[in-house]
Amino acid sequence: MARDVEVWDQGLTQENSRLHTIITLGMAAVQKVKPSEFELTDSYANKLDAVQVEALRKPLKICAAFSPLWAEVCAAYEAFPSADLGAVEIDDLQCPRCFLAFATEGARNEHAKHCRSNLGVDEEEKRRMRRQAKAESAIHRLKRVDQMLRKKAGDCEVVVEELKAQRKEI
């Protein structure tokens, strides 16, 4: 499973569905390992098997939570506004201040000399404010994902230390 996740990580697209499949198949492979006939009859092997099952429970739980966590990471990045500033689109024969459309360029130019409307400026300001609000929202979402990742990393460290201590006991 670890090798498959590394290959997935090195890919051009890191599809969440592929990650979910890798994790699910890896967990299923671990869980489907059955004890041999000898292990079923030997008391020490039975005890060891029980310890191994318990030792695997927490790491597998962490693995199961990674795919939804990756989906949150992707969603947080996608929430950011695009790099394209995308100004308000205006046709060639349209007044940029009031957005009125004219039949000729001369009519538009004559109108532009006297137009005092702020509709165009107001629209641009609204667009800028929506974009800023979307970026701020995305920042908060990314901070929340950062906290989730840090917590999951801490959980992993705790499990590793528990497994090290458990290994010394066996």
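Residue indices begin at 1 and follow the sequence shown.
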Do the side chain of Q94 and the main chain of F99 share a donor and acceptor less than 3.5 angstrom apart?
yes
Counterpart residues, side chain to side chain donor-acceptor pair (under 3.5 Å), relative to N118 (two or more places apart)
R97
Applying salt bridge (Lys or Arg N to Asp or Glu O under 4.0 Å), name anything that partners R116, two or more places apart in sequence or on another chain.
none
Taking only residues two or more places apart in sequence, or in another chain, which ones meet E136 in a side chain to side chain donor-acceptor pair (under 3.5 Å)?
Q132
What residues form a side-chain contact (heavy atoms from CB on, under 4.5 Å) with S137, not counting sequence neighbours?
none
Run R127 and E123 through side chain to side chain contact (heavy atoms under 4.5 Å, CB included) and show every step you take.
CA-CA 6 Å; R127 188 196 64 74; E123 275 301 312; over 6 Å; no
Let me check something: any side-chain donor-acceptor pairs from residues 152-165 under 3.5 Å, sequence neighbours excluded? List them with distances.
residue: D155; atom: OD2; partner: K151; partner atom: NZ; Å: 3.3
residue: E162; atom: OE1; partner: K58; partner atom: NZ; Å: 2.9
residue: E162; atom: OE2; partner: K58; partner atom: NZ; Å: 3.4

Using side-chain contact (heavy atoms from CB on, under 4.5 Å) as the criterion, list what pairs up with A107, not counting sequence neighbours.
F102, T104
Looking at F80, I want to see if its CZ is surrounded by more than 12 non-hydrogen atoms of other residues, nucleotides or ligands under 6.0 Å.
yes
Those residues that, when tested against E72, pass side-chain contact (heavy atoms from CB on, under 4.5 Å) (two or more places apart)
R141, R144, V145, M148
Check: E105 and R108 side chains under 4.5 Å, non-hydrogen atoms:
yes
Please list, chain by chain and in numerical order, all residues satisfying side-chain contact (heavy atoms from CB on, under 4.5 Å) with I22, sequence neighbours excluded.
M1, D4, V5, W8, R18
Using salt bridge (Lys or Arg N to Asp or Glu O under 4.0 Å) as the criterion, list what pairs up with R150, not counting sequence neighbours.
D146
Should M129 and K126 count as side-chain neighbours, where that means a heavy-atom distance under 4.5 Å?
no
R128: which residues meet the salt bridge (Lys or Arg N to Asp or Glu O under 4.0 Å) condition with it, sequence neighbours left out?
E125
Determine, using the 4.5 Å side-chain heavy-atom cutoff (strictly less than), whether L69 and I62 are members of one ILVMFWY cluster.
no
